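Here's the structure, in structure tokens; my notes come after.
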Amino acid sequence: MDLERELNPEQLDAVMHPGGPLLILAGAGSGKTRAITYRIAHLVHDMGVEPWKILALTFTNKAAGEMCERIDKLVGEASGLWALTFHSFGARLLRRHADLLGWGKDFTIYDDRDSKRLGKLILEKLDLDRQLYKVDRMLAAVERAKRKLRGPRQSGLKGPQRDFYILYQRSLKAANAFDFSDLIMQANFLFDRHPEVLEKYRRRFEHVLVDEFQDTDRAQYTLLRMLCPPGANLCVVGDDDQSIYRWRGAEIGNIMGFASDYPGCKTVKLERNYRSTAHILQAAGLLIHKNSRRHPKALWTEMEPGPPVEKFQARDEREEAGLVARGILKIVQQYGFSLGQVAVLYRVNAQSRALEEGMRLFGIPYRVVGGLRFFDRAEVRDVVSYLRLIQNYKSDVDLMRIMNVPPRGLGQKSRQRIVALAEEHGCSMFEVMTPQNLSGFRKKEREAVLQLRRLLEQLGQEASASSASDAVEAVIKTTGYGRWLESMGTMESEGRLENIKELITAAQDMARGTGDESLEGFLEQVALLTDMDLAQEGQGMVTLMTLHASKGLEFDVVFITGMEEGLLPHSRSLDDDERQMLKSPGRAFPRAVEEERRLCYVGMTRARQVLTLTYTKSRSMAGQVAINPPSRFLKDIFQDMGKTSKAPLAEVVDIGGFDLDDDDEIFHGDMLHASDEETVDYSDEYSQLAGDDGLDDLVGRTVVHQAFGKGLVSGARMSPHGPMLTVVFNSVGTKTVMLDYVKMK
DNA sequence: ACTTCCGTTCTTTTT
DNA sequence: GAACGGAAGT
């Protein structure tokens, strides 16, 4: 490990910092992960710090995993190092000490869907008007209180909200469960009420490092401050320009005020960008400079200019998808990038559908990050509910979920009666399921209930000693879930069966990754993990994801779609600012829009080589057609670059845009110099081929596709993107592809 | 008890 | 356009 050679002077400064508080302000692509991992490696390798005395906190499991990997590479098995998300850290603390707070150590972690389920139950119990009191709003209030570390009684909430919080929290405890925000709040309580525990961890962690510090919220920062008193070896890394989670409670104040909370703190700025071409960096800089409140920073690079940043307009989201797909194929071909190095970014998950369609149409393999998560699928959650019950019989939400899945004659009515009984006895639903309690039930139902109880007990015995993957298998078999799906015999049920079988693989993978094959370990992972590491790294697949999800990643080629007012910046943020403006006219500034601008900045700075922005004239959302002007951010980016974006610096990439027939007067492109844009008309080839009614003759021919191989044409028709074929491929089955992308045999 | 079908309502981003 | 809730049908 030759630090001097592998790091620049600023990075070296950060890595070698001897001790005490350290703030690293790291611009996008400035090698902050490098700095942080090298610092840990340096501590272990050169300073003789034991790995288990180091705590590294990150925001995503993926980031944590990557950090472990990179450190392992630098210093060999850094066993014992804690590299975790804040939430896993909280969970781990509670796993050891939950008894001090009145919870059992085998607690269940509720994700937001579980919380919602519980919340709905509470609303029913409180008998509140469902129209007036929405679960989401109630839960949001609870979450806000928890982020301020306020329990139900000190929440400051009034009326129904207060009742809701009290009952919600009581139910969580009765179910021996924590929700997401509890993991942080209760960890705080643990430290606060049990100084001896805090002292133990203070002594243990000689060095604490926090990545993405700009995204910490108040509760997380408080936890951190307890763990690290002033003068401690606390190193935080962040970039205020990449703070995009204010809506989730992140406080930029944490990074802005760090230096005063930790007097004597050393500040290091990393401003040299190693990632992006000069053009991309320049465009991103033009955008972010419009923000009023930021740490002054000047990113620079020695990279070559690269191709210019480009923008394209499409008529609607379907054309946009086609434009992106074509662009991907052109760029990949021209520069020789792999499809795995391409990302398509968007503001809201709902945009992914049209884009996926486009990818399929053009035969581009892709994966979607986030959105429909593997662990959110109904069947997966059912199986997980069984597993959680085995581990913790008191978890009523789980019991309710699986009570009649697969169907066993216990419908709504029986369920309600059991809930009422449990209420009466003041215990969990499982505990109330005994012969003497069920005397009021009809024979058939009573048998069904007792049968369920026996089933769960049997499962518990089967699974208690075995590995997580065996437990999953036992659930699929013993509960009849597998047989139930098989008996349906539909395409859909087959897919669902595959999903739960995938869960077995997931359990095995996880066991291999963490060395922990217990059911407890698996369930903790499942609760805290998003699907990130299940989806194998895009091997030759284009990645589709939200701008938020893209943070921390990088790609050779990036498309940012939906660059329209109302979408990016999102209409909600415009509303928020307007409300603020009305409330305090003098001092207000566009807080929310500035966050949207940072979001766009984050997306742009993911790109290494080629960056393309797209927008549409009209877009159908929520079943309605919206006509929005191009995003103000385009104006920010292109006002100075507009005409020079195609300057002689590099050859223009002709990715075949659409005709911007500007006789559409609703919003003329003047603010964007739309007349300057690439205008390659589809209509030529379109009409040419549309006129060719020999399309039907193609049916029955054999074609070859680059990705799918050989196949037989079973249908042909025209689409707005050009002629489409339905082809039965030998390797992948039936697909719909563009005529342009197959060769006739 | 369970399924299916229809109308209503909302859509930012996530650990 | 989907996800939920309610109502009617099997």
Side-chain angles (χ1 to χ4, degrees), chain A residues 57-64 84-91 109-113 115-117 120 124 130-131 134-137 140 143 146-147 178-184 212 215-217 219-220 243-250 317 345-354 369-373 375-376 378 403-416 442 444-445 448 488 524-532 545-552 562 566-576 592 595-596 598-600 602-603 619-626:
Chain A
L57 294 168
T58 61
F59 262 81
T60 62
N61 293 289
K62 200 175 166 205
L84 308 158
T85 64
F86 266 101
H87 287 83
S88 331
F89 178 59
I109 298 169
Y110 280 6
D111 67 18
D112 43 8
R113 284 177 67 161
S115 305
K116 199 165 168 179
R117 195 171 217 90
K120 277 183 184 165
E124 266 171 46
R130 277 198 301 286
Q131 300 284 52
K134 297 267 185 233
V135 208
D136 290 331
R137 295 195 70 92
E143 207 184 314
K146 287 188 175 180
R147 271 204 300 263
F178 290 117
D179 68 11
F180 269 143
S181 1
D182 270 342
L183 294 177
I184 308 294
E212 307 284 12
D215 289 327
T216 49
D217 65 26
Q220 291 165 337
S243 158
I244 54 176
Y245 286 108
R246 197 178 60 94
W247 53 273
R248 195 175 91 184
E317 70 276 7
L345 309 180
Y346 39 83
R347 177 66 236 265
V348 302
N349 278 310
Q351 284 173 262
S352 78
R353 197 181 319 120
V369 174
L372 27 39
R373 289 206 192 115
F375 287 107
D376 275 354
M403 187 164 249
N404 204 31
V405 189
R408 50 174 71 88
L410 293 173
Q412 223 176 8
K413 242 179 152 184
S414 310
R415 184 188 316 169
Q416 277 166 358
R442 261 202 292 253
K444 207 175 108 219
E445 277 91 30
M488 285 200 267
E524 183 146 329
Q525 298 262 19
V526 168
L528 294 172
L529 206 73
T530 52
D531 61 340
M532 294 284 192
M545 64 186 150
T546 63
L547 287 160
H548 281 91
S550 77
K551 198 172 73 164
L567 199 54
L568 185 67
H570 195 273
S571 53
R572 188 90 147 231
S573 63
L574 301 174
D575 296 345
D576 284 359
E595 174 144 323
E596 298 282 307
R598 290 194 294 270
L599 189 55
C600 187
V602 165
R619 178 180 297 276
S620 44
M621 293 174 76
Q624 280 183 359
V625 178

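Naming convention: chains lettered A, B, ... in sequence-line order (proteins, then strands); numbering from 1 in each chain. Nothing here was measured: the structure is a model prediction, and the numbers come from that model.
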Which atom names give the shortest non-hydrogen contact between [X] and [Y], and what distance separates them?
X	Y	value
A/L574	A/G566	CD1-N, 4.3 Å
A/H87	A/Q220	CE1-NE2, 3.9 Å
A/T60	A/T85	C-CG2, 3.3 Å

What's [X] touching, base or sugar-phosphate or nothing? Going by heavy atoms closer than 4.0 Å.
X	value
A/S573	nothing
A/D111	nothing
A/K120	sugar-phosphate
A/F86	nothing
A/L410	sugar-phosphate

Legend entry - Side-chain N,O (A/S414) to OP1/OP2 (B/dA1) below 4.0 Å: yes
Legend entry - Under-4.0 Å side-chain N/O to phosphate OP1/OP2 contact, A/S181 with B/dT15: no
Roughly, in whole Å, what's the span from [atom1] in [X] to [atom2] in [N]?
X	N	atom1	atom2	answer
A/R442	B/dA1	CZ	C1'	10 Å
A/D576	B/dT13	CG	C1'	13 Å
A/K116	C/dA3	NZ	P	11 Å
A/E596	B/dT13	CD	C1'	8 Å
A/K444	B/dA1	NZ	P	7 Å
A/D136	B/dT9	CG	P	15 Å
A/R147	B/dT15	CZ	P	14 Å
A/N349	C/dG1	CG	P	16 Å

Inset, instruction - Please tell me which of A/R408 and A/F180 maps to the more 5' nucleotide of DNA chain B, matching each residue to the nucleotide holding its nearest heavy atom. - result: A/R408
Using the side-chain heavy atoms of [X], tell me which of these nucleotides is nearest: [options].
X	options	value
A/W247	C/dA2, B/dT15, B/dT14	B/dT14
A/R353	B/dT13, B/dT15, C/dG1	C/dG1
A/N404	B/dT13, B/dT15, B/dC2	B/dC2
A/E445	B/dA1, B/dT14, B/dT15	B/dA1
A/T85	B/dT15, B/dA1, B/dT13	B/dT15
A/P407	B/dT13, B/dC2, B/dT15	B/dC2

Legend entry - Distance, nearest 0.5 Å, that separates CZ of A/R598 from CD of A/E595: 5.0 Å
Legend entry - Check: A/L568 and A/E596 side chains under 4.5 Å, non-hydrogen atoms: yes
Inset, instruction - Assign the ring pair A/Y245 / A/H548 to parallel, tilted or perpendicular, where the plane angle (0 to 90°) is split at 30° and 60°. - result: tilted
